[in-house]
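Here's the structure, in structure tokens; my notes come after.
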Amino acid sequence: MLRIKPFGSTFVLLSIACFGLFFSYPSTAVEKVYKFGVVPQFDARRIKNIWQPILDAVSKQSGLQFELLGSANIPTFEKQFAAGEFDFAYMNPYHLIKAREAQNYQPLLRDIGRQLYGIIVVRKDSSIQQVTDLQGKTVAFPAPNALGAALIPRTEFGEIYKINVQPKYVRSHDSVYLNVLLGQADAGGGVQKTFNKQPQNVRDALKIIYQTRKVAPHPLAVHPRVPEAVKKKILESFLALGNSAQGRALLKEIPMNQIGTATMEDYDALINLGLDKYFLE
Amino acid sequence: MSIRFKLLLPFILAVVFLGLIFHLIWLPEYLTEKEGNIHDQEAAYIEALAASLIPPLLASDLAQIHATLDTISARRPHWKSVRLFNANHEQLYPIDSTNSPAPNNLIAISQEITYGQEALATLQVALDISTLLNTEVKRIASLEFGLLFFTLVITVFAALLLDRWIRKPLKLMVNATNRIVDGDFNHSLQQHSSDEVGQLTKAIDQMQSQLQSREKETAFQHRVLEVITNAQSRFIRDANPKQIFDKLLNDILSLTNSEYGFIGEVLHEHNKPYLKTFALTNIAWNDQTREFYDENAPNGLEFRNVHTLFGCAILTGENVVANSPAHDSRSAGLPDGHPPLHAFLGVPFMREDKVIGMFGVANRPQGYDEALITYLKPIINTCTQIVEAYKAEQNRLKFEMLVREREVRMRTIVNNISEGIVSTNEEGFIEGFNPAAENLFGYLASEVIGKNISILVAGDHAANHNEYIANYLHHGKSNIVGLGREVEGIRKDGSVFPLEVTVSEMWVEGQRLFCGVMRDITERKKLDKMKQEFVSTVSHELRTPLTSIRGSLGLLTSGKMGDFQEKTKNLISIAANNSERLLLLINDLLDMEKLASGKMEFKFQDLEVTKFLHDAVEANQGYGQQHNVKFVIAASDTKLFVYADRNRMMQVLSNLLSNAAKFSPDGASVETAVNIHNGRIRISVADKGRGIPSEFESRIFERFTQVDSSSTRKVGGTGLGLNIAKAIVENHKGNIGFMANPEGGTIFYVDLPRVEPSALHPKDRLKSAI
């Protein structure tokens with residue numbers, strides 16, 4: 001007697017379902033998705049909150065598909081761009097130099113309304129008045145390679161002022177300011193933008209004793225494998241964002257107040273500073 | 001208090017009780033325990049928090065620490081203060097370094113943060129548990145309110161259910177019961193759930209229907225009683241049976257819902273029963289029947305044919321229920337034009353197994369049954385009683401009429417009788433005095449009634465009369481009651497006259513009366529005296545010459561005067577015989593006269609009976625020989641004595657022996673005997689004659705009685721002997737009688753009182769001793 005096995009019938013049903021799905025969405029499998037990386041200056045969720053709306057807007061504008069790739073920390077991010085995993089990546093200027101060396105990433109866009117520089121803060125009641133007073137003192141930095149807050153100041157301490165400080169890496173700009181404020185460090189390295197964001201009582205209790213030299217801020221770099229037409233579309237789309245209030249509001253979160261085209265020349269000054277010596281692997 | 005509230009009360013009380021226990025006992029304990037728990041939880045939380053601070057502490061990531069503690073503090077408002085110090089007791093958190101001590105109501109928890117052996121920091125938290133507890137209390141309060149609300153909802157729901165399941169049905173039942181009390185049975189509750197309330201409802205419905213049927217029954221019984229009462233009162237008030245039974249019939253028709261009917265009595269003619277109606281519904285259906293009804297109904301119609309439905313009741317004494325008369329074999333059919341008969345009930349009135357009447361009703365729409373008969377039983381009984389009473393009344397009227405007739409007749413007789421009739425009571429006071437008595441005594445009845453009888457009786461009788469009555473009453477000794485007693489009456493004018501009184505005793509309505517029939521015998525006395533004197537004179541005057549004639553004839557027949565020719569001899573012999581006979585007759589007449597006048601004297605003495613009998617036989621042997629009859633003395637007891645007059649008893653025995661010799665056949669023997677019979681001494685004489693014809697038996701001891709005249713001629717005799725013998729024997733307190741001789745003929749006997757030896761005279765006693 002012929003028996004129809006349950007498995008057999010289930011298999012037939014599954015086959016039909018898969019067959020239907022396959023023919024319903026024929027183009028999804030062949031669409032090019034561009035991988036997008038962002039330097040993990042903030043935690044991954046905040047990065048996603050900032051960047052996903054922007055990518056959605058650009059995608060809508062350009063008709064291109066993006067995938068926002070996460071990076072656990074900055075070293076991972078550095079390994080990822082060194083391996084060319086990203087088609088596009090938002091990174092700090094020093095990373096751009098490293099990325100160009102490794103994969104020939106080229107800057108595409110940047111905030112053209114400002115420049116990046118570091119600051120040194122001390123408690124308002126501190127006796128330290130200038131950089132040279134920091135000889136032998138404990139200076140808090142967010143991380144060794146933070147460009148504006150640590151790498152440029154440390155480079156300038158060693159190369160220009162020839163002083164040695166006791167660095168204390170406290171993970172974030174906020175920690176830097178708190179360490180200084182609560183007397184856990186004699187001074188701290190930060191950037192103007194993060195200092196401005198501190199609560200009033202924090203800012204009131206601190207004072208800026210030094211500003212480093214200024215460089216172009218974080219670029220959006222593109223891998224050379226991305227076709228020119230795509231690059232162009234992306235560029236136009238981002239620039240279009242900068243032309244709308246809504247787009248600007250999104251871009252401001254990066255932060256990128258005034259978006260514009262970036263070139264490699266904008267970052268030549270960094271290459272000459274000798275940052276490599278102070279870069280900690 | 002409503003049932004609903006009563007049923008809910010235990011539940012409400014339980015809830016209140018549980019609420020109080022919950023609130024007053026459980027809640028404080030719970031809060032105390034909770035406080036401990038919160039402390040432990042907070043300590044554990046702070047410990048965990050401290051551990052989470054180790055990495056940022058190690059990395060000096062104060063921002064991270066601040067962010068964490070800010071967040072935690074914000075989330076835990078009961079944390080009134082959070083402070084973090086490093087190993088050097090420098091404050092790491094918060095930025096504000098004001099060091100205000102924790103208020104007293106706060107609980108301070110301090111947690112050391114170490115990494116390995118290295119002390120990193122100290123976390124100090126000041127807690128306000130009361131807030132947490134308040135929160136808990138609020139939570140519990142809301143729980144309580146929730147429970148209370150839930151209880152309220154349950155209570156309301158339960159109340160609604162109770163209302164629906166119990167109170168509403170109960171209310172209906174109460175209403176139904178009130179209606180029942182008011183006598184309204186027409187509302188069924190109808191809602192019969194399967195629970196106890198439903199069962200109760202059902203029970204009330206059943207009770208209602210039972211009460212309804214009982215009320216109907218009672219109403220019917222009341223109606224029955226009313227009918228009975230009416231019938232009885234009508235019967236008492238007005239004995240006109242026509243009206244009583246007309247009304248009764250109407251009542252029965254109305255009660256049984258019948259169309260027509262009758263009530264009648266059962267009479268008999270030639271032992272055949274028939275029905276005569278007292279009341280009959282007029283169902284006349286044409287002129288002829290209408291005329292017949294009008295003419296006969298008032299006096300009762302008679303129905304002689306009893307082979308009918310109603311006749312069945314009369315013949316069998318059983319109730320007749322025929323709900324299909326047309327097909328009933330007992331039915332004799334209906335005359336043409338008779339109204340249709342759909343159903344019939346015939347009920348006989350029974351008295352001691354006899355049918356004395358019946359009623360019949362017809363055309364009850366639902367037919368008749370035994371139950372109806374049972375209900376009608378009291379009416380049936382009443383009908384029976386009334387019919388019976390009516391019949392008794394009829395009999396009484398008949399009897400009364402008869403009595404009245406008799407009384408009239410009697411009064412006429414009494415008034416017209418020639419004898420005076422005087423009746424007295426036991427005390428001798430006169431109660432009745434008829435016209436003849438008025439004539440007799442010269443008193444009017446009104447003058448003597450109520451007076452003692454003694455005023456009518458002279459001399460000793462008057463004095464002793466009351467004593468006589470007393471004796472009679474007490475001892476039954478009769479001095480007055482009896483036939484023909486002669487006394488002396490006394491008239492109103494004081495004159496005395498001989499009076500024959502026959503007193504009889506009678507009972508009238510339980511009272512003893514004496515009735516005296518009185519006859520003035522003055523004339524009779526005179527006649528008697530004249531007769532006695534005449535007889536005496538005549539006897540003496542006849543006997544003296546007759547004795548001379550007899551003596552002379554005796555001389556002639558003796559031959560002493562010489563022989564005569566044969567023809568002459570015969571004539572002399574005839575003359576001698578007849579003179580002898582004439583002398584006997586005269587002697588007997590004289591004895592009779594003596595006995596009648598009480599002048600015969602008796603010389604009583606003790607007499608040895610056997611010897612006396614031998615003497616008597618011997619003395620009469622000659623007479624026996626004349627008739628060729630032999631007297632035989634049977635073996636007799638000796639030493640038996642009587643107290644008698646020897647000569648008179650000899651006269652009696654001579655009479656008996658001579659009679660026996662006369663009536664015995666030639667050559668026969670006459671047996672005589674002495675023996676004791678019933679304690680008395682019997683002397684018997686038995687002949688072998690023809691016996692006494694039955695028609696003479698009653699008269700044999702009367703005067704001038706002989707069996708027939710021809711025999712008189714043959715055997716001779718005066719016809720006075722037995723009468724004289726009877727008088728003599730009775731004077732000896734004995735009696736004389738006869739009976740048929742089993743061997744043929746007759747046995748005459750004389751019974752005399754036996755005298756005991758102790759009663760003998762000394763001389764006779766001496767003889768009996770020898």
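Order of the sequence lines sets the chain letters (A, B, ...), proteins ahead of strands, with each chain counted from 1.
Residues from residues 152-166 of chain B never place a non-hydrogen atom less than 4.5 Å from a non-hydrogen atom of chain A. At a heavy-atom cut-off of under 4.5 Å, chain B is reached by no residue from residues 111-125 of chain A. Residues of residues 177-194 of chain A that come within less than 4.5 angstrom of chain B, heavy atom to heavy atom, are A:Leu178, A:Asn179, A:Leu181, A:Leu182, A:Gln184 in numerical order. Using a 4.5 Å cut-off between non-hydrogen atoms, the part of residues 132-169 of chain A that approaches chain B consists of A:Lys168, A:Tyr169.
In the displayed structure, A:Gln130 atom CD is contacted under 6.0 Å by more than 12 heavy atoms of other residues, nucleotides or ligands. Within 6.0 Å of atom CZ in B:Phe150, 12 or fewer heavy atoms from other residues, nucleotides or ligands are found, so the atom counts as exposed in its surroundings. Heavy atoms of other residues, nucleotides or ligands lying less than 6.0 angstrom from CZ of A:Phe42 number more than 12.
In this structure, the portion of A:Val202 lying under 4.5 Å from any heavy atom of chain B is its side chain and not its backbone.
Taking CD of B:Gln64 as the reference point, atom OG of A:Ser175 lies at 8.0 Å (rounded to 0.5 Å).
Counting heavy-atom pairs closer than 4.5 Å to chain A, the top residue among B:Leu62, B:Leu92, B:Asn88 is B:Leu62.
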